[in-house]
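Residue numbering restarts at 1 for every chain, and letters A, B, ... go by the order of the sequence lines. Scope of the values below: all heavy atoms of this structure, side chains included, with no hydrogens, waters or symmetry mates.
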Amino acid sequence: MNTTTSTLAPVRRLNTGRWLIWGSFALLLIVAPHIWGSGLGLTVLSQMGIAIIACLSYNMLLGQGGMLSFGHAVYTGLGSFMAIHALNRVTEGAMQMPVSLIPIVGGLAGLGFAVLFGYVTTRKSGTTFAMITLGLGELVFALSLMIPEFFGGEGGVSGDRMAGEPFMGITFGPQRQVYYLIAVYTFVCVALMYAFTRTPLGRMLNAVRDNPERVEFVGYDTQKVRYLAFIIAGFFAGISGGLAALNFEIVTAEVVGAARSGAYLLFTFLGGATFFFGPIIGGVLMVLALILLSELTKAWLLYLGLIFLFMVMYAPGGIAALIMMNVRVAAYGRLRELTGSYLALFAATVVMLLGAAAIIEMVYHLQLSTTLGDELNFLGLTLHARGWASWIGAVLVAAVGFGLFELTRKRFARRWGAIQEDIENQIKQKEAA
Amino acid sequence: MLKIENLHAYYGKSHVLHGVDFEVRAGEIVALLGRNGSGRSTTAKAVMGLVDCEGSVSWKGQEIVGRKAYEVAHLGLGYVPENRDIFPTLTVHQNLMLGQKGTGKGSRWGFEDMYTMFPRLKERQHTEAGVLSGGEQQMLTLCRTLMGDPDLIIIDEPTEGLAPKIVELVAEYLQALKARGISVLLIEQKLTIAMRISDRALVMGHGSIVFDGTPEQLKADPAVRKEWLEV
Amino acid sequence: MSGIAPTPALELRDLRKSFGKTEIIRGVNLAVQPGERVGIIGPNGAGKSTLFNLISGRFAPTSGQVLLNGQRIDGKRPFEINRAGLSRSFQITNIFPKLSVFENLRCGVLWSLGYRYTFLKFLADLTDANARAEQLLHMIQLDRKRDVLAMNLTYAEQRALEIGITIAGGANVILLDEPTAGMSKSETSRFIALIKDVTEGKTLLTVEHDMGVVFGLADRIAVVVYGEVLAFDTPDAVRANERVQEAYLGSHVAEEQGAGH
Amino acid sequence: GETVKMVRIDPLTGLLGPVGVSQFKGYQFFAEKFSGKGNPAGVKFEITAIDNKLSPAESLNALKAAIDQGARYIIQGNGSSVALALSDAVEKHNARNPGKEVLYLNDSAVDPDLTNSKCSYWHFRFDADTSMKMEAMSSFIATQPDIKKIYLLNQNYSHGHQVVKYAKETIGRKRPDIQFVGEDLHPLAQTRDFAPYIAKIKAAGADTVITGNWGSDLSLLIKAANENGYNGKFFTYYAGVTGTPTALGTNGAGRVYQIAYNHYNMGGQMEKWMKEFNQKYNDDFYTGSTIRIYEMLGAAMAKAKSTDPVKVAAAMEGLSVKSFNGEVQMRKTDHQLQQPLYMSVWQKADAKYPYSPEKTGMTLAPVAEYPNYVSSTPTSCQMKRPG
Amino acid sequence: MEFFIISMLNGLSYGLLLFMLSSGLTLIFSMMGVLNFAHASFYMLGAYVGYTVAQFVGFWPALVVAPIVVGLLGAAFERQCLRKVHKYGHVPELLVTFGLSYVIVELVQLIWGRIAVEFRPPEQLQGPVFTLINHSVDGLRLIWGTAAPELCSAADAAVRVVCSPFPATRGFMMLVAVVMLASVWLLLTRTRIGLVIQAALTHPQAVESLGHNVPRVFMLVFGAGSALAGLAGVIGGSTFLTEPAMAATVGSVIFVVVVVGGMGSLSGAFVASLLIGVIQTFAVAFEYSLLTLFEQIGVPLSDSLRNNSYIRLTLSQVAPILPYLFLVLILIFRPRGLLGKREG
Ligand SMILES: Nc1ncnc2c1ncn2[C@@H]1O[C@H](COP(=O)(O)OP(=O)(O)OP(=O)(O)O)[C@@H](O)[C@H]1O
Ligand SMILES: Nc1ncnc2c1ncn2[C@@H]1O[C@H](COP(=O)(O)OP(=O)(O)OP(=O)(O)O)[C@@H](O)[C@H]1O
Ligand SMILES: CC(C)C[C@H](N)C(=O)O
Ligand SMILES: [Mg+2]
Ligand SMILES: [Mg+2]
């Protein structure tokens with residue numbers, strides 16, 4: 001019996017694998033700032049940590065509990081506000097607390113508000129839940145502009161993280177120190193949230209997602225399961241908010257806004273809500289997309305929209321699912337056969353995207369930056385937005401790319417299909433054995 | 001009337017039917033028997049165009065593999081799925097209404113026929129179908145398909161969850177259908193009923209037909225019954 | 001057992017339920033003794049599943065009482081009733097589709113072993129819960145499907161899992177709603193054996209249309225017709241009861257019986 | 001000469017995107033005009049833009065990116081929330097990174113706090129703040145005897161709040177007889193239907209409305225007034241902002257007033273520039289601060305003989321330059337540019353005032369000019385100077 | 001009195017505008033279960049397409065052409081994108097429409113520019129349908145069309161005369177909203193389409209095997225819903241503003257309408273629209289705040305409390321967020337919505 005089960009699940013095995021994964025995660029957190037050490041690089045990394053915690057906490061609701069929330073920013077945001085107020089207290093000397101613990105204040109605030117709001121929201125599920133969170137989110141946001149005492153009005157609340165006594169020379173002035181603080185929190189929070197998925201409550205949360213009715217008949221109160229999970233998610237959301245407060249040293253109303261909540265949803269999904277590590281990818285992408293993409297191109301919103309359209313259509317499990325599908329293929333030792341197709345597919349995609357992006361960039365250039373004449377720099381290439389040659393070239397590249405893509409895609413799909421069929425058969429045989 | 005040749009069907013990548021061949025002639029009740037998971041429901045779905053399949057299914061001389069389910073239905077094939085698949089948010093009457101094709105004019109069956117067949121449904125006609133009892137739901141799916149006025153009706157486990165008395169009733173109605181010239185492909189677990197009312201019995205095993213003959217022949221063949229039906 | 005009559009494991013007192021204007025359950029009285037196996041039969045739509053729904057807390061009764069081991073449980077929420085020691089299965093399979101078979105069973109086990117809503121312990125460390133889940137897995141003979149997602153099981157396997165989840169919590173009173181529906185003869189008999197096996201020593205109520213199953217399984221049979229209990233007696237007495245034959249069994253039952261077993 | 005790298009952090013997308021885009025064109029246009037021989041220091045101005053999506057947090061990221069790119073001069077204007085965040089962040093950055101200071105040049109964020117309670121040595125404002133504009137506006141209102149009852153309708157955020165506050169204060173001072181018959185705050189950029197507000201304004205019997213509204217909040221308000229038969233005057237801050245002229249159309253002709261440090265028909269060099277700009281970009285140039293920033297920087301760099309922000313900041317304090325509407329001065333105490341203001345009115349373009357924004361056939365015609373001393377307001381700024 | 005009448009009219013017409021905006025969404029949401037985040041984007045597309053078409057052939061033809069164009073675009077989107085993700089469930093469906101809304105905004109800005117375009121209502125709709133004249137002596141009168149200026153001013157300074165024109169655009173909007181209500185109602189009750197779709201939500205295969213072309217019906221419904229949004233866009237765009245931000249501003253409030261009304265209930269959406277329109281309009285009229293309330297019932301308040309922003313918030317200030325408050329309360333106390341039959 002033991003042999004069959006372990007062959008059935010080639011992925012879950014051995015603790016060395018787990019150590020390896022967590023070890024490299026920690027290592028990555030430690031060395032990252034040495035690779036991307038510029039001012040922007042550091043803030044981007046810091047925000048990735050923050051976003052990872054936020055997306056993971058969001059996924060406790062979406063992926064693990066089946067709760068589609070449109071208002072998660074309420075908890076990250078209110079956590080931020082409480083944290084910055086606490087920071088200011090510390091600065092004033094009205095409160096004694098090491099700055100490194102401020103995020104916990106944010107966490108407790110997130111938890112507190114989750115206790116409060118969660119009580120009404122989690123009594124319902126499905127669309128009703130989603131709509132209540134939407135309404136609550138809008139309410140909190142609208143109120144934030146109307147109540148300057150707490151939210152600081154339009155200018156928000158700012159603080160100075162170099163408050164209190166430095167501890168072992170750590171003042172949190174330099175971004176690098178803040179980054180490491182965030183890194184520590186990120187590691188711990190990710191570990192804790194992972195641990196949560198392996199606890200009775202975490203498992204019952206999955207059960208509630210799958211079939212709330214049946215849960216009631218095995219002794220659990222679904223509302224309470226949802227509520228508790230919501231509170232825990234609120235706590236981690238608050239920590240993420242608290243870290244953001246330290247990172248930016250200012251908190252404005254936008255942090256509770258619908259756009260932020262929407263971003264959590266979108267990127268969690270894009271990363272992959274069905275796997276624990278999906279939202280980590282989502283968080284990283286969120287920061288990349290919102291900060292770097294918009295600096296790279298003026299058409300960032302269009303790209304973002306298109307990425308979503310195509311990702312949801314062709315990879316509804318998110319990037320994590322794509323990865324796991326390939327891991328499965330690899331586990332059955334079949335990934336090798338695909339490398340050729342992958343390379344071809346990749347090349348074709350690059351060509352196609354290059355052409356398409358060149359077209360988009362030229363269109364935007366024509367509309368937005370006529371100042372610099374018709375020339376634009378596209379990945380080191382000079383294009384002439386008013387010249388025939390550039391247009392014909394771009395269209396040609398895009399068309400050729402598309403043709404190649406279709407060709408390689410078909411070939412790839414066939415191979416992929418054949419391999420999947422083989423794997424299914426292998427599994428069947430094992431089950432039958 | 002319905003002729004199936006070398007039919008293969010797949011769920012995603014898993015191969016479920018491995019070359020099914022049989023025929024249903026006009027005005028015939030054919031029972032399709034077999035163990036759980038032998039592929040009987042899949043055969044029904046394949047005919048209706050609800051799963052990916054290869055091979056040939058010809059209906060009244062027309063090839064229908066690759067057709068969409070609604071096209072197949074318009075050609076006069078009716079299908080009663082196994083999981084009941086009633087529409088829970090619609091009332092009983094609305095469920096029946098959806099069975100009609102067009103306005104339902106020219107159909108052999110109307111609402112009243114159904115309600116006289118199962119008075120229970122008439123009593124519940126304005127109730128949401130989702131709250132019907134298991135058996136009531138079973139009656140409803142059968143009637144819903146009949147409303148579409150099919151020439152051949154494929155019924156997947158019609159007697160599941162029905163009280164013995166109603167099972168009898170269903171058996172009678174299937175015979176009545178036959179009397180009206182409607183062919184029936186009956187997928188059944190309850191051997192006794194199946195054997196009693198059908199003209200021919202097919203036995204399926206591991207995705208292909210392993211026996212094709214009259215009920216009497218099947219009764220006389222303990223090997224098949226032992227191996228493929230375990231009785 | 002001493003001289004005084006034991007408290008019934010489950011007792012229904014003048015139980016009624018109306019949906020809108022229609023009264024579906026019309027004053028049901030029933031007392032099931034501990035360890036007894038009761039079959040419930042009746043025409044379609046008679047109210048058998050509704051009765052189960054009332055007992056298990058899915059619906060609240062319009063009036064009347066439900067007593068579990070002498071304690072009133074009517075009007076309580078399903079999870080409270082479950083914690084009191086009553087568990088049920090569903091006519092339409094009701095499992096956790098995206099969890100593995102093992103996880104499905106473990107979910108059924110957790111509360112009864114006192115793990116409640118904890119998030120401070122790892123599932124992997126709950127040796128008793130895991131052992132119990134493995135044991136259940138073995139009992140319902142799904143060892144080989146341990147890590148398969150429940151939605152990928154075949155129908156019969158799902159039905160077995162349904163029973164597995166139902167008995168997982170170790171409840172003393174078990175309600176099974178048409179456990180063998182949709183199964184072939186061979187599967188059915190295998191399944192009856194399984195049910196008998198896993199509910200050993202427990203109080204069992206089973207709704208069934210398959211007379212073979214009912215007569216094979218039950219100590220006593222309750223016949224529900226139009227929301228009322230028409231008869232509650234031993235299998236033989238029920239079979240002989242003319243009113244039952246008329247209302248429910250029909251003429252071919254005897255023949256069916258012969259063919260079945 | 002030297003190249004001065006500047007980065008403008010402003011919305012290029014979203015609600016104020018069009019404004020930011022149009023203003024950025026102005027920066028590019030005038031970078032050419034003022035580079036080299038165009039300024040006394042002979043430096044070359046180079047400007048790029050980063051989209052901050054009107055978000056303070058994004059602006060801080062943008063600031064980091066700008067500093068990484070080697071920019072020591074940061075320009076921003078749209079959104080006082082962003083301005084407050086940037087001012088704060090620049091202050092911190094300069095304190096923590098001596099030798100790498102950056103200056104923040106604010107071209108249109110008008111929250112008085114920026115040069116009062118929250119003033120910073122590294123921040124310079126080239127627009128006139130809400131209180132200054134209200135000073136001028138109230139001076140104009142004081143000359144209008146037919147104004148008796150005023151209604152205050154504003155967006156519910158700091159800019160709107162300040163308009164209310166200063167309107168009450170200054171008008172109360174200059175025309176104590178005027179009654180404030182009503183006061184309303186509505187959320188920013190959310191209201192589609194202003195008819196209820198108009199009904200209320202009419203019911204209150206107001207002959208004049210003062211509003212700090214901009215964008216659709218302004219144009220929809222005027223539109224609703226027109227349709228619902230309200231004939232009173234509107235005193236506004238932002239009738240000329242990109243998009244608003246089109247949306248206004250002929251609505252409100254003759255009764256929508258704007259207070260600003262310039263208008264469409266300034267004449268002279270400005271007229272030529274605007275024409276050239278219009279031909280080049282098919283867009284209107286209206287953010288005169290742009291010009292002032294280049295003029296001031298050039299002069300300050302010449303005076304400091306350096307492009308080092310620390311020295312330039314010191315040189316800029318109290319510096320005067322001659323600009324398109326006379327002499328303007330960067331006040332030392334709070335870094336608020338002291339400048340003349342204009343009251344203009346929305347009307348049909350004619351021979352005298354021909355410039356028509358967005359091909360509407362309408363224009364903003366000046367009706368009054370207020371020299372520096374009128375609009376100058378006191379400051380409570382106590383800034384921390386380096387050293 | 002005249003203030004009340006005008007406010008009531010304003011409230012009703014605003015409510016009808018909300019209904020006009022959300023009827024298509026109700027249709028799609030109630031029938032397909034899709035929370036179409038791009039609905040407001042289709043509304044915006046309707047306005048822009050209407051604007052362009054109107055430049056060539058005038059407003060009235062545009063009123064017909066633009067909805068058709070938008071409907072076709074909607075149908076195409078359903079066919080190419082939405083259909084592909086339908087099988088994955090509602091969240092992916094929602095996200096696809098989310099992505100679409102980004103793309104539409106950008107495309108609109110590329111095609112029509114980033115600032116408002118001047119989309120005017122036609123001659124026939126400029127000016128008022130009728131004018132209410134409130135004469136402090138003669139009382140209230142109603143005059144069709146514009147009232148002559150002399151009627152609106154009194155020679156005697158002691159007599160107060162107020163003229164309140166009711167804009168024709170608003171009247172037209174109300175009319176169209178009612179027509180929309182009627183047509184959607186007919187579509188829902190007089191055809192089997194509604195049943196087919198509802199049934200297909202739970203058992204698509206069963207519906208298909210009964211002979212209904214489910215994908216086509218989905219496409220038609222989505223197209224029809226988009227066309228309704230497009231129609232609302234032509235009217236809303238010409239009455240209010242046609243600008244790239246117009247989608248974002250109405251985006252979430254129309255969800256409120258649909259949900260408050262009760263998911264799947266057209267009449268519910270109608271009632272909810274009117275209710276929200278009227279509540280919001282009248283809320284603007286009131287200066288009440290907690291502060292005034294406390295003062296009236298005589299609760300003594302400390303000075304610091306008096307200056308507290310929460311307490312000073314007036315009803316008119318919070319008017320625009322009332323719909324959300326309403327939404328939250330409704331869902332808590334009556335999760336089915338006003339006239340809904342079941343929970344989401
Ligand atoms: N949706 C599905 N996806 C994958 N495999 C499936 C699916 N449905 C059925 N199968 C598999 O196909 C095989 C045949 O199933 P089918 O439902 O046709 O059997 P059946 O003879 O009707 O049995 P039953 O008595 O259980 O209804 C089984 O092994 C089953 O596991
Ligand atoms: N929520 C409800 N609302 C209205 N009627 C209901 C509801 N639930 C059940 N009913 C009705 O009550 C009757 C009894 O249903 P029930 O499911 O208990 O029957 P049953 O005895 O289990 O029948 P079967 O053997 O067919 O499963 C049926 O007619 C059903 O339509
Ligand atoms: C450009 C303006 C419309 C914005 C305004 N300066 C503000 O403070 O928000
Ligand atoms: Mg089957
Ligand atoms: Mg039942």
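Ring geometry for Y102(E) versus F98(E): interplanar angle of 30 to 60°, hence tilted. Note on ring orientation: taking the six-membered ring where Trp is involved, the planes of W214(D) and Y157(D) are perpendicular (angle over 60°, cut-offs 30° and 60°). Using bins of under 30°, 30° to 60° and over 60° for the plane-to-plane angle, the ring pair F37(E)/F255(E) lands in the tilted bin. Relative orientation of the H159(D) and Y237(D) rings is perpendicular, given thresholds of 30° and 60° on the angle between their planes.
At a 4.5 Å heavy-atom cutoff, T131(E) makes no contact with chain D through either its backbone or its side chain. For chain E, the nearby part of S219(D) is the side chain; its heavy atoms alone come within less than 4.5 Å. With a 4.5 Å cut-off on non-hydrogen atoms, P128(E) does not touch chain D at all. Within the 4.5 angstrom heavy-atom criterion, atoms from both the backbone and the side chain of N228(D) approach chain E. With a 4.5 angstrom heavy-atom cutoff, I201(D) does not touch chain E via any of its atoms.
In this structure, the ring of F119(E) has its center no less than 6.0 angstrom from the ring center of Y48(E). Ring-centre distance between H186(D) and F194(D): below the 6.0 Å cut-off.
Interface check for chain E: of the options S22(D), G17(D), A199(D), the most heavy-atom pairs under 4.5 Å are formed by A199(D). Among the candidates V117(E), T239(E), T146(E), L9(E), the residue making the largest number of heavy-atom pairs closer than 4.5 Å to chain D is T239(E).
Contacts with chain D (heavy atom to heavy atom, under 4.5 Å) involve these residues of residues 272-284 of chain E, listed by number: T281(E), V284(E).
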Review item, side-chain donor-acceptor pairs of residues 177-185 of chain D, under 3.5 Å, at least two apart:
unit_1, atom_1, unit_2, atom_2, d
D177(D), OD1, R175(D), NE, 2.8
D177(D), OD2, R175(D), NE, 3.3
D177(D), OD2, R175(D), NH2, 3.1
E183(D), OE1, K168(D), NZ, 2.6
D184(D), OD1, K200(D), NZ, 3.4
D184(D), OD1, S316(E), OG, 2.8
D184(D), OD2, Y151(D), OH, 2.9
D184(D), OD2, K200(D), NZ, 2.7

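Salt-bridge formation is not detected for the pair K118(D)/D111(D): no Lys NZ or Arg NE/NH1/NH2 atom is positioned less than 4.0 Å from an Asp or Glu carboxylate oxygen. A salt bridge between E118(E) and K223(D) is absent, with no side-chain N of the basic residue lying under 4.0 Å from a carboxylate O of the acidic one.
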